[in-house]
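Order of the sequence lines sets the chain letters (A, B, ...), proteins ahead of strands, with each chain counted from 1. As the structure is a prediction and not an experimental result, all values here were calculated from the model.
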Amino acid sequence: MKLSFPHFGYAQLAFRTLIEDLEHEAVMPPRPGKRTLDLGVRHSPEFICLPFKVVLGSYLETIEAGAEAGLAVGGIGPCRFGLYGLLQQAILQDLGYDFQLYIFEPPLTDIPDFIRKLHRLKPRWMSWRLLWRTIQKAFAQLEAIDQLERLAHQVRPFEVEKGSTRRAWQLALAGMAAARSREEIETAGHEGRQLLTAVEQDPERNPLRVGIVGEIYVVLESAVNFDLQTTLGEMGVSAQRSLWLSSWLRHNGLKAGEQDIRAAARPYLNEFVGGHGVNSIGETRLYAQAGYDGVIHLGPFSCLPEIVAKEILPRVSQDEGIPVMSIFVDEQTGRAGIQTRLEAFVDLLEHRRRNRKGSEQRNDCLFGH
Amino acid sequence: MKVRIGIPRTLAFYAFYPWWKGFLESLGLQPVVSAPTSRAILDAGVAAAVADACIPVKLYHGHVLNLQERVEYILVPRFVSVRRLETESFCPKFLGLPDMIREPDSRGPRLIDVRVDLAAGRRELLRVGREVGAVFGAGWPAVLHAYYRAGREMNRYRQLLQQRLTPPEALAVLEGAEPAPAEQGELCLAVMGYPYVLYDRFLNLDLLRRLRGQGVRVVTAEMVSPRQLRAEARRFPKNLFWHFSNQVLHAAAYYTRQQWVDGVIHVSSFGCGPDAMLGKMLELMTKRAEAKPFLTVLLDEHTGAGGLQTRLEAYVDMLKRRRGRL
């Protein structure tokens, strides 16, 4: 079977390994671009959030490339993400495509259904034990990719020659793309780390530190957030995030999410509102307490949980004394607009840091929309 | 003087007000409902809420502000669930509502932000009653008495809705008004939308009366019995996460199968997240076998009466012609 899946950061390399191990052909979704959005927007409801449109566009592009079925995940809400697969399947059917979506709900909500879907996807000869090891291997690759990306973001603000980290990261990623077996994944991870640490760095720098919080798809998918994290890095700002697909799966696949972040959010929002709404609040507080200079809050336009967060964040920003800038993206958002806002925000943070050195007065605070 | 408890006339108001009213009055408190939505309330809400919020949430801010001067407390319940159905909850904006409303150092009325999670257990509603009662120092017997009275009020309200009264009409009957004579009309339309949109005459520019003025009999989601709604829910492989959306989806599934329903109108408000999905589902549903003509009306603060009237007339004319032909 020719299987496709939505584009999700760099995780597609691990998805491909998994699909090929299950003896299917993987149809790789192209990096989301203008055409993806055009296709997605044309067939999506107008006021649905951006990830829905991108994912639907991705499916349509892979259908053109010959995909017969797709992988998707469900959810328990109340974020709309949990219903993506259901509605996308209906839309594709209405458009006349014979495209089957395998929607994996969180395993514990319906165990028999989960097993049935796995059974249909795995080759007959493969034992359940081997299937489990295959999934573990793909997960190991996902973790290796996340580690490399994290390292790249740590190195970048210190790079002496602008763009050298970007090149090293591309090489590391290419190595990871060729890796299939466990040993190859380990070697690729090792070589990638060497490539990245070999980038010439200036340890004297003291870069501004910015935390990135928000909705998972916009935070993770650089094609949608206009390479925000890399752009900041190349502006000499250390931009970090705590949201990674591998760790998210670890904490949310079977368990109830990151308890420390929930606890930090509690004084402001003591209710799970779906998606990463609570996390945005909790992480902002944690970043403030860790001495970060600012926080950038990302979300897709009309995102339900992040709108709740956005309405509460000004208070967190005020109480914790940390500037927060919310950026909501949709299909109309332009790169130049984001760039300008980032530059303005970074200017403000620099100014603020200089002023603070002189006097220990109660700091002024800004909340940007 | 009795202690006054403010209740905003929007969001969950049309679904559950009789319960709160019965409960609070039985405790010797005076429920005060905010004024019907007006331009001033809308403008105040738009100014107070975050720009990305939907119109109903902005209106909620406006209604809370409208109550501010007149009451000692404002009831801002956090609706988490009201029945057990898969993972049904409410829109995230309902879940975060008290946190979104709360001001850091307001000297205004105190907010009562009781958490309503009826899927948690059969005694949950009683617990809600005790929590609210405790704010006013009401003892156990008084709370129990109020709880039963509230339940009776709510049952009466539900019965009136089953008799095909709209929530505002049913509320009027509870206040002692004469029930309006049964509606007549050559067409019957299922008007699907959330109670806080359909019965807010300012927000929807009196849409229901405009339809009735054209000889249309209107049925809404509240008029389908809870039992029937549950039966419809079983037809779906996976239900939505939001209570009011499920109510509309299941009611629409019921109405599209009925011979006597001529068409389906979806009334939505700008910026509504769940409606982005629900609207598409209704569209696909009406397009399938039963083939009911489907109209979407999207409302925002700039919607003009002229445009709405023209669209409704065109739609109703089309249906009348269609009916003549059949």
Item checked: Inter-chain contacts: residues 44-53 of chain A against chain B, heavy atoms under 4.5 Å -> A:Pro45, A:Phe47, A:Ile48, A:Phe52
Margin query: Between A:Tyr84 and chain B, with a heavy-atom cut-off of 4.5 Å, which part of the residue counts as in contact: side chain, backbone, both or neither?
Written below: both
Next item on the list: Over all heavy atoms of both residues, which pair between A:Pro78 and B:Phe90 is shortest? Give the atoms and the distance, please.
Entry: CB-O, 3.5 Å
Note to self: To the closest 0.5 Å, what do you measure between CZ (A:Arg80) and CG (B:Leu240)?
What the structure shows: 12.0 Å
Next item on the list: Sequence neighbours left out, what pairs pass salt bridge (charged side-chain N to carboxylate O under 4.0 Å, His left out) with at least one residue falling in residues 86-108 of chain A?
Entry: A:Asp94-B:Lys287, A:Glu105-B:Lys238
Margin query: Please classify the contact of B:Phe94 with chain A as side chain, backbone, both or neither, using a heavy-atom distance under 4.5 Å.
Written below: neither
Check: Out of curiosity, B:Glu88 CD to A:Ile76 CD1, how far, rounded to the nearest 0.5 Å?
Finding: 13.5 Å
Margin query: Only pairs of heavy atoms separated by less than 4.5 Å count here; which of B:Arg115, B:Met281, B:Glu283 has the most with chain A?
Written below: B:Arg115
Margin query: If I measure from the heavy atoms of chain A, does B:Leu97 come under 4.5 Å with its side chain, its backbone, both, or neither?
Written below: neither
Check: For B:Asp117, is it the side chain, the backbone, both or neither that has a heavy atom under 4.5 Å from a heavy atom of chain A?
Finding: neither
Item checked: Neighbours of chain A found in residues 79-87 of chain B - heavy atoms under 4.5 Å -> B:Val80, B:Thr87
Check: So which residues of residues 274-288 of chain A are in contact with chain B at a heavy-atom cut-off of under 4.5 Å?
Finding: none
Check: From A:Leu87 CG over to B:Lys280 NZ, what is the distance, rounded to the nearest 0.5 angstrom?
Finding: 7.5 Å
Checklist line | Portion of A:Leu269 that has a non-hydrogen atom of chain B nearer than 4.5 angstrom | finding: both
Next item on the list: Starting from the C-alpha separation in whole Å, work towards a yes-or-no answer on side chain to side chain contact (heavy atoms under 4.5 Å, CB included) for A:Ile307 and B:Val50.
Entry: CA-CA 8 Å; A:Ile307 289 176; B:Val50 68; 4.1 Å; yes
Checklist line | Sub-4.5 Å side-chain heavy-atom contact between B:Pro274 and A:Leu304 | finding: yes
Notebook entry, point to check: Roughly how far, to the nearest 0.5 Å, is the CZ atom of A:Phe272 from the CG atom of B:Leu95?
Noted result: 9.5 Å
Margin query: So, taking the atom named CD in A:Glu271 and the one named OG in B:Ser89, what distance separates them when rounded to the nearest 0.5 Å?
Written below: 7.5 Å
Checklist line | Nearest heavy atoms of A:Phe328 and B:Asp52, plus distance in Å | finding: CD2-OD2, 3.4 Å
Item checked: Heavy-atom proximity to chain A below 4.5 Å, by part of B:Pro237 -> side chain
Notebook entry, point to check: What are the two closest non-hydrogen atoms of A:Leu83 and B:Trp242, and how far apart are they?
Noted result: CD1-CH2, 3.5 Å
Margin query: Need one label for A:Cys303: side chain, backbone, both or neither, based on atoms under 4.5 Å from any heavy atom in chain B.
Written below: neither
